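Only one structure is covered here, and it is reproduced in the block below.
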Amino acid sequence: MTAPDDSLPTTYDAAATEAAWYPRWTEHGVFTASPEEAATHEPFVIVIPPPNVTAVLHMGHGLNNTVQDVLIRWRRMAGDAALWVPGTDHAGIATQNVVEKQLAAEGQSRFDLGREAFVERVASFVDRTGGEILNQLKSIGSSADWSRTAYTFSPELSRAVRETFVRLYEDGLVYKGHRVIHWCPRCGTSLSDEEAEFTETAGKLYHLRYPLASDPTQGITVATTRPETMLGDVAVAVNPDDERYQALIGQEVVLPLNGVRIPIIGDSYTDPAFGSGAVKITPAHDANDFEVGKRHQLPMPVVIDAEGIVREVDGAAGRVPEALRGLDRADARKAILPLLEAAGALVKMEPHQHSVRHCYRCDTVVEPRLSDQWFVRMQPLADKALTALRSGELRILPERWEAVYVNWLEGIRDWNISRQIWWGHRVPVWYCTASCGHAPIVSRTDVAACPGCGGAVRQDEDVLDTWFSSWLWPFSTLGWPDETPDLKAFYPGDVLVTAPEILFFWVARMVMSGCWFMGKAPFHTVYLHGTVRDMQHRKMSKSLGNGIDPLDVVHLYGADALRWTMVAGLGLGVDVMLDPTDLEKSFAPGRNFCTKLWNIGRFLLSRVGTDPVTPVSALPSASLTAADHWILERLDAAIADCDAALGPARPANGATWTEAERSRGLRLSEYAEAARRFVWNELADWYLESVKPRLNAEGADREVARAVLAHAFDGALRLLHPVVPFITEALWQQLPQTADGAMLARAAWPVARGGSRDEAKAFEIVRDAVAAIRQVRAEYNVQPGVWVDALLVAPDGTQAMVIPQVDTVGALARARVQAASANPGGAAAQVLLTSGVEVVVPLAGMIDLAKERQRLDGELAQLEKQLTALEGRLANEGFVAKAPPQVVEAERAKAAEWRGRAQQLRTKREALGNG
RNA sequence: GGGCGAAUAGCUCAGUUGGUUAGAGCACCUGUCUUACACACAGGGGGUCGGGGGUUCGAGUCCCUCUUCGCCCACCA
């Protein structure tokens, strides 16, 4: 027998443990998964939401990747071929912006460098500093298969992007469109609808009066939030049913400031109830006006250029007054108002609350701009994505997001995929520079010469939206478009873990591309977790300065403490609140849990020692005490609770979710709580305490206790490993039955063994009794140094119960519970347990009879109140007639039991007399 | 403007098809440095389940309505 007290340090050293174990896991290939493994094991695949290649780890990543790691470690232990594919996104606009900012600091712009040199510069920047975030993910324990690290701009994935563009073009789903799109004048590129985010803004509504050409004393008033765009007006639209204006339709008005004559037209787009009921039409600078302009074949003069400068750009000769030319659109708005006022055109201004679109990358106000862009026709793709959800092939948790997903897909609009930036996948389209009239060439491979005339070609200048590569992620990372073994083994994947913010940007589009190109949705479950917020419920962000650096937390308390804190607080779809000003307080739950677990382990392992233990399955049932049966039963229950909380890993029929399954699982906080309760409140608080004396004595019973202790702790560590991988691995390695080279990270997920429930119940009585004794002690202020005796009296009131080990557990409460055959006489506190067992604590010299009477009166009153309610229910004919028989039966039995207990209490009370 | 969701203890949240005395963690109060752990142990207080109405033998749970918050979408000139 050995008891190496010094085998584990007294305090948990997170840094040393993490530094020691992460490399060992990777060296042993613990995180890798191969197609060969998938042939014999059920594959379980998660693809990482690829962080921007230049990103720095923040709490959102911490949360997102912890969730993925918990799931992947759980399935890996459960025996799946668990694959977590990591990688990064080249993040077109975002990355280009970073490098442009560097250039600006050097007094340069990308145009000074030229396209080729600029792209080279970005690429080398990415080579040098990119992907650091993946190393940061390792430091929080992420168990991705790093050998597969992918990058959306790698040659392999770029090939997939081209294949996709060309195939969609061939399918008639990619086309070039001429229309008003969202334009960021700062980034110098178009944006998709999703990239142009609405911000509620307090603006003004300007009422402008345009005089009639035929009679300048008459006029029509229009309302606008952007007066500077009046320079590009080509019409005034009124509702054809609006009686106020019907007579004016067909007449002309004269634009103030530039004198251009424009018609008054009738178009049902105009809402008579809004503003003045007349709308100025500026087709080049407003998406709606563009539609009106098309309907009425109006000219489309452009008066604001790509940089947001007001000037006569296109078809706008004579429209912009000298005084306004060259002004930024914001300055132009300020400058045009006095001019309009002087011209008598400014009727009034009123405050106006409206939503204005901003660039999601730089927050610049988006400018609607008329231009040529590549679009994807989304309707056919969206139909498939809707079918995937409706058929049960796909589910979204929390379920309320399914309605949002459906809502968006049903109203889907075509996707603008071209960007006027340089960092990204170039549009694979070439144009003949000679005028041989050859159609644009859309090609999988680079084109050197015009197939028509053999002349020179030039490639389309635009690059593709960064999401046009990330929407392929679930299969491009597995080798698509080639039919690789990886693709066959690991597509479709299982769970996609992300935040709701990118449901449309990314998740819905992945479903669309997966259904379209692979014929199957890329995963069966979308898990949308909450957002990390501060104590004022504000989202953590760089600009607010309310962020927490996960690496700070790792350094202070360890990765496990970080992970535990987040997972324990992670109800389904619930936001995680953390206080950036008080890391100590925020991460105390994780740190405290790790410390407690370490102390449990240190003490338990020192008592179990290093000698081999008997497998629990080899122990004769009769050799087990009630406590042993109880803790084994609790372990079974904990396993069942954890399994139920984590839920089915995939649909039971392998293809589609049934209604019953659909909302189950992925309750990470419930899983963590179930595991915590077992190791802390059951194993440590009760079993470990009850088993101490057995471990101190030599003999067979000591071996039983060692075996059960080791088994229970082993089970606890397995259950906890996905959340707190480092500390559990370090402790598990110290268990006597751990084989050399074995790793908890690859150990089997526990399975309930099924034990004797009845045997376990005997220990529940001990627990209740101890609790009752503690209560009595607290109530009567029995000093800690003073020991009390207690009797356990069986329900029939005559026979005292003898319960093994009760003395030990009693010691916990500084009380000895003894079996006794005679009434001790004298004053005693008496507590009736729900099991019917009565606990009698003789408190000679200590008991205050008045207080005990009061206590019993209170207990009796409470019981009688409940009994009255219960009997009232049973007397209710409706209840007896209509409630399910088993419910009525249960209520009757309960009433009988309570009557008995009340009678017992009354007897006790009478014995005390009336002081 | 359209759609969705939420309101339960001081805080963050559970509460499965209506059916025992509405739970957990944290926080709070009281006691304890009990030989693994004060980052711990033991005990305790605290909720008319947002307001009102309805269905039912029975409502935190179902229906209506009001109030307040949140989210998504939108051609808010």
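Letters A, B, ... mirror the listed sequences (proteins, then strands); counts begin at 1. Since this is a predicted model, take the numbers as computed values, not measurements.
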What is the nucleic acid contact for [X], judged by heavy atoms within less than 4.0 Å: base, sugar-phosphate only, or nothing?
{"X": "A:Pro398", "answer": "nothing"}
{"X": "A:Arg413", "answer": "sugar-phosphate"}
{"X": "A:Thr282", "answer": "nothing"}
{"X": "A:Leu503", "answer": "nothing"}
{"X": "A:His537", "answer": "sugar-phosphate"}
{"X": "A:Asp289", "answer": "nothing"}
{"X": "A:Thr225", "answer": "sugar-phosphate"}
{"X": "A:Arg533", "answer": "nothing"}
{"X": "A:Gln353", "answer": "base"}
{"X": "A:Ala684", "answer": "base"}
{"X": "A:Phe593", "answer": "nothing"}

Taking the side chain of [X] as heavy atoms from C-beta outward, which of [options] is closest to it?
{"X": "A:His354", "options": "B:C73, B:C37, B:C76", "answer": "B:C76"}
{"X": "A:Asn407", "options": "B:A40, B:A36, B:G2", "answer": "B:G2"}
{"X": "A:Trp898", "options": "B:C57, B:U21, B:A36", "answer": "B:U21"}
{"X": "A:Lys596", "options": "B:C39, B:A36, B:C76", "answer": "B:A36"}
{"X": "A:Ile600", "options": "B:A36, B:G25, B:G43", "answer": "B:A36"}
{"X": "A:Trp401", "options": "B:A24, B:U12, B:C72", "answer": "B:C72"}
{"X": "A:Glu673", "options": "B:A74, B:A42, B:G25", "answer": "B:G25"}
{"X": "A:Asn599", "options": "B:G44, B:G19, B:C37", "answer": "B:C37"}
{"X": "A:Asn592", "options": "B:A36, B:G25, B:A40", "answer": "B:A40"}

Under 4.0 angstrom between [X] side-chain N/O and [N] OP1 or OP2:
{"X": "A:Arg873", "N": "B:U21", "answer": "yes"}
{"X": "A:Trp680", "N": "B:C41", "answer": "yes"}
{"X": "A:Lys692", "N": "B:A36", "answer": "yes"}
{"X": "A:Arg607", "N": "B:A36", "answer": "yes"}

Could you give the [atom1]-to-[atom2] distance, from [X] to [N], as a whole number of Å?
{"X": "A:Lys204", "N": "B:C76", "atom1": "NZ", "atom2": "C1'", "result": "18 Å"}
{"X": "A:Phe603", "N": "B:U34", "atom1": "CZ", "atom2": "C1'", "result": "13 Å"}
{"X": "A:Glu194", "N": "B:C73", "atom1": "CD", "atom2": "P", "result": "8 Å"}
{"X": "A:Trp598", "N": "B:A40", "atom1": "CH2", "atom2": "P", "result": "17 Å"}
{"X": "A:Glu877", "N": "B:G58", "atom1": "CD", "atom2": "C1'", "result": "15 Å"}
{"X": "A:Leu397", "N": "B:C4", "atom1": "CG", "atom2": "P", "result": "20 Å"}
{"X": "A:Gln536", "N": "B:G70", "atom1": "CD", "atom2": "C1'", "result": "17 Å"}
{"X": "A:Asp641", "N": "B:U16", "atom1": "CG", "atom2": "P", "result": "16 Å"}

Determine whether the side chains of A:Lys280 and A:Thr229 contain a donor N or O and an acceptor N or O closer than 3.5 Å.
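Their side chains do contain a donor-acceptor pair, which is all the 3.5 Å distance test asks for.
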
Do the side-chain N and O atoms of A:Arg873 and A:Asn876 include a donor-acceptor pair separated by under 3.5 angstrom?
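Result is no, nothing qualifies.
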
Taking Watson-Crick and G-U wobble contacts under 3.5 angstrom, with | marking pairs to another strand and [ ] crossing pairs, the secondary structure of RNA chain B is written (((((((..((((.....[...)))).(((((.......))))).....(((((..]....))))))))))))....

Among residues 571-585 of chain A, which ones have heavy-atom contacts with RNA chain B below 4.0 Å?
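Those residues are A:Val574, A:Met577.
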
Can you find a pair of side-chain heavy atoms, one from A:Ile336 and one from A:Met230, that are under 4.5 Å apart?
yes

Starting from the 5' end of RNA chain B, give me the residue, A:Met535 or A:Val880, whose nearest nucleotide shows up first.
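Per heavy-atom nearest nucleotide, the more 5' residue is A:Met535.
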
Start at the 5' end of RNA chain B and walk down; is the nucleotide closest to A:Ala588 or to A:Arg400 reached first?
A:Arg400

Tell me whether [X] is salt-bridged to [Y], with the criterion being a basic N under 4.0 Å from an acidic carboxylate O.
{"X": "A:Asp641", "Y": "A:Arg677", "result": "yes"}
{"X": "A:Arg676", "Y": "A:Glu673", "result": "yes"}
{"X": "A:Glu584", "Y": "A:Arg591", "result": "yes"}

Parallel, tilted or perpendicular: which one describes the rings of A:Phe505 and A:Tyr360, with boundaries at 30° and 60°?
parallel

Between [M] and [N] - [atom1] atom distance, rounded Å:
{"N": "B:C26", "M": "B:G43", "atom1": "P", "answer": "14 Å"}
{"N": "B:C11", "M": "B:U67", "atom1": "P", "answer": "24 Å"}
{"N": "B:A42", "M": "B:A27", "atom1": "P", "answer": "15 Å"}
{"N": "B:C13", "M": "B:G60", "atom1": "C1'", "answer": "15 Å"}

For A:Val365 and A:Arg329, what are the C-alpha separation, side-chain angles and deciding distance, and is it a side-chain contact (heavy atoms from CB on, under 4.5 Å)?
CA-CA 10 Å; A:Val365 173; A:Arg329 56 201 168 130; 4.0 Å; yes

List in chain and number order the residues that pass salt bridge (charged side-chain N to carboxylate O under 4.0 Å, His left out) with A:Glu197, two or more places apart in sequence or in another chain; answer none if no residue qualifies.
none

